Structure formats: C-alpha cells, structure tokens
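Lettering of chains follows the sequences in order, A, B, ..., and the numbering in each one begins at 1. The figures here come from the full heavy-atom set of this structure, side chains too, leaving out hydrogens, waters and symmetry mates. Nothing here was measured: the structure is a model prediction, and the numbers come from that model.
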Number of protein chains: 2
Amino acid sequence: MSSRICELVSKSALYHKRLMTRMLERFDVTYAQYQVLKVIKQHQPLSAKEILVHLDTDKATLSGVLSRLEQRGYIQRDRDRSDKRVLHVRLTRTSSALLEAIEVKETECTDSLTHNIKNRELKNFFNVFERIINNQLRKIDEIEQEQRRQSKEKENDNDEETPL
Amino acid sequence: MSSRICELVSKSALYHKRLMTRMLERFDVTYAQYQVLKVIKQHQPLSAKEILVHLDTDKATLSGVLSRLEQRGYIQRDRDRSDKRVLHVRLTRTSSALLEAIEVKETECTDSLTHNIKNRELKNFFNVFERIINNQLRKIDEIEQEQRRQSKEKENDNDEETPL
DNA sequence: CATATAATGTTTGTGTGCAACCTAAAGAAG
DNA sequence: CTTCTTTAGGTTGCACACAAACATTATATG
C-alpha cells in the first residue's frame, strides 16, 4: 500500500511537468526556465545563489539555464562592482511582458486541478501530504548518514594502508 | 491555494527520486534502470513495447537504458525469429539476485513514509490524489486539443499559399 | 509481385539533474 | 604581504526526458 504513494507522486509530478510543458510550448520557454524567470521577477535584482534558495535545484543546472535565458535575451547578468564574484540577474522588457501572459495561463491550469474537490478534503490532503514529505526527508537523512558512516570506515581503512 | 498542490507534488517527487537514488547508490544502479529491471522481472521475457506499457516513459529513453543495462550484463536482448522487429528482453542471473536485495531495501523505504499516518487518513489521501491526477490528465488533453486545432489552422493557411 | 503504410526499435539533438572538479575573487591567519 | 580557506559561479561528464528523424521489417492493397 505504501508503494502506492510513490506511484501517485511520481505519476502526478510527471503529469504536472507535462502540463506545464504543453502550456509553455507556444511561449517557447521550458518549465525550468519559466520557474527561474518567476523567481527573478519576484526578487530582482538578485544573485544566482539567491535564486537557488527559492528553487531546490542545483547551481550547475541553474548556470546552464541562465546562459540560455541570457542568449535569448530574457535576462541580463551583471557582475557586482564591489564583489566581482556575485551576479546581479534581472529580467528584460521582453520577458517581463511574456511572464505576465504566462502567469495567467498557469493559474488557469493549477485552478483546474481542484475544481471538484472540497475545501475540507483539500485541507486534509495537504496535512497528510506534508507529513509524508517530512517522512521522506527523514528517510533521506537516515540513508545519507548511513552512507557517510560507511565511507568514513572505508577512509579509515585507507589511512591504515597509507598513513601520513 | 491550488498552486500549493503543484509545489507539494514536485517537491515530493524530487525527494522520492533522491531517496531512491541514495538507496540505489551502493548497488550501482540508477532509479530508471531499477524501474525497468523490475518490470522485466515481473513479465520476462517481454518486448520493449510491452515494457513501455508498464512505465509511462519514452521509447527513446528506454532504448538507452536497455543498452546500458545490457552493457553491464544485467539483461539479455534477443530478436524474435519470426518478427525480427521485436525484442525478447530478460534478466541475467546477476541481476535477478541483485533485484532481490534491492527490493528489500525499497520496501523498507516506502514503508517508512506512512508509519505515522492512519489508515483512514491514507485512504482519503489516495482518493483526493486520484481525483487530482484525473484533473491533470483532463487539462493536458484540453491543452493538447487546443494546440492541435491551432496547428491545423496553420496547416490550412499554408495549403492556401502552397496548394497541390 | 510492387508499392504504400504501419509497427518496432535506434539514433540524434536539446534541455535538464546532479556529482565532481575548476577558477577567480574575497577573507582570514600568520 | 603571503599563504590558506572559503565563497560564487562556471565547466565537464554521465544519465535521462522527449521530440524528430531514421532504419528495418511486416502488412495491407492495388
């Protein structure tokens, strides 16, 4: 029965991505790009690191997405003058207008997901879902610690063979 | 509020994939590969097309995964003698044994997701989730039809310019 | 039989997702 | 000032998602 959760979550995430991709097709923007653009819009100007805080993705992935967005003229990347490591990312006029149009379509899509679901049902749904997600996080932690222990043991074994 | 669904679904799917990836790390198998192996185990021997029925993925992706699985000696691919287009895919001894071990770990992971959730709560959760997924599918259909109408119109426009 | 069409897989190209490594700049310690 | 460490971001390599084009083999149809 528990494995049913994984099926539903995976399937639903797949469909969500598919829906967004279809919706974004005619705007010629990918879902990942749109998510980044939204964050930029809400907080611009901001650095790459700040974008990451809002997105649960990876800096390597983000770097690629930003490159493509800049190439297409959707964003501007400038270095900070006092600290030349950090970026200042902001939208261009083109993308600001584009985002307005997309956001309308997006709410249309997300709203359609709940039209036959009562408020009370939804509330319980969220409640259980959040507990499940916490369980996921806990289990991930548990496994990562397990791995760390094992690799530390291996490291110690190596130290014995090749000491300082 | 509806957009909260998308957040939770995306986040949970991400965590699920992360959990499975961590769990599979020491078996040196990716999550996609494991999913394919599981389907093969349950129905072997079977064709690539039949694998796709059980997986909601793409034939191009599957082709790559199967190549890698074959390279590592986890599966065997033979052509059907009477219809040389179709494959007969089956596990090797190595992977059969491996799968047994992995499946134990997997149930351990999935079971941990529900340990603090009552049966009734879970039942309601599934019920709502399934309705949401249906709504997702409906909306995807709606958008795909919209796109088809638009591309058909464009096609007609082209026909007027370049008739037979 | 010959040609058109359909079915099964593979290949190719673009965009992620993610780990591992690299660079340049900033800060800290001596 | 010099060296060590940390930080922001970029690059590389591998696997996958997915669209589109392709090859091969079957099948339908004239």
message: Is the distance between the ring centroids of A:Phe129 and B:Phe129 under 6.0 Å?
response: yes
Side chain of B:Ala60 (C-beta onward), nearest among D:dC18, C:dA20, C:dA6: D:dC18
field: Contact under 4.0 Å: B:Ser47 side-chain N or O vs C:dT8 OP1/OP2
entry: no
- line: On DNA chain D, more 5' by nearest nucleotide between B:Ser82 and A:Lys59 is A:Lys59
query: Should the pair B:Lys41-B:Glu100 be classified as a salt bridge under the 4.0 Å nitrogen-to-oxygen rule?
result: yes
query: Just how far, in rounded Å, is P of C:dG15 from CG of A:Leu62?
result: 15 Å
message: Tell me the interatomic distance from A:Leu66, atom CG, to C:dG17, atom P, rounded to whole angstroms.
response: 13 Å
- request: Would you jot down, in residue-number order, the residues of residues 26-37 of chain A having a non-hydrogen atom under 4.0 Å from DNA chain C?
  value: A:Thr30, A:Ala32, A:Gln33
- prompt: Base, sugar-phosphate, or nothing for B:Ser67, non-hydrogen atoms under 4.0 angstrom?
  reply: nothing
field: Spacing of A:Arg79 atom CZ relative to C:dA26 atom P, expressed in whole Å
entry: 11 Å
message: Need to verify one output field. Residue with the more 5' nearest nucleotide on DNA chain D, A:Ala48 or B:Arg72?
response: A:Ala48
message: Whole angstroms only, please: what is the CG-P distance between A:Asp58 and D:dG9?
response: 13 Å
- prompt: Given D:dA8, is OP1 or OP2 found less than 4.0 Å from the side-chain N or O atoms of A:Lys49?
  reply: yes
message: From CG of B:Leu52 over to C1' of D:dA17, roughly how many Å is that when rounded to an integer?
response: 13 Å
message: For D:dT24, does the base pair up with any side-chain atom of B:Arg85 as donor and acceptor (N or O, under 3.5 Å, distance only)?
response: no
query: Are B:Lys105 and B:Glu108 close enough for a salt bridge, meaning some N to O gap below 4.0 Å?
result: yes
query: What nucleotide, of D:dC18, C:dG15, C:dA25, holds the atom closest to the side chain of A:Arg18?
result: D:dC18
- line: Taken to the nearest whole Å, CZ/B:Arg81 to P/D:dA26 is 14 Å
- prompt: Starting at the 5' end of DNA chain C, which residue's closest nucleotide do you reach first, A:Val65 or B:Val86?
  reply: B:Val86
query: Quick one: B:Arg77 CZ to C:dT8 C1', roughly how many Å, whole number?
result: 13 Å
message: Is any side-chain heavy atom of B:Arg18 closer than 4.5 Å to one of B:Leu14?
response: yes
B:Asp83 CG - D:dT24 C1' separation (whole Å): 10 Å
- prompt: So which of B:Lys139, B:Arg131, B:Arg138 actually passes side-chain hydrogen bond (donor to acceptor under 3.5 Å, both in side chains) with B:Asn135?
  reply: B:Arg138
- prompt: Taking all atoms of both residues into account, what is the closest heavy-atom pair of A:Gln44 and A:Leu91, and its distance?
  reply: OE1-N, 2.8 Å
- prompt: Of all the choices, C:dG17, C:dG9, D:dC18, which nucleotide is nearest to the side chain of A:Leu14 once you look at every atom?
  reply: D:dC18
- request: Scan for ring-ring contact (aromatic ring centres under 6.0 Å, His included) pairs involving residues 55-114 of chain B, sequence neighbours excluded, and state none if there are none.
  value: none
- prompt: So, do A:Ile143 and B:Cys109 sit near enough that their side-chain heavy atoms are less than 4.5 Å apart?
  reply: yes
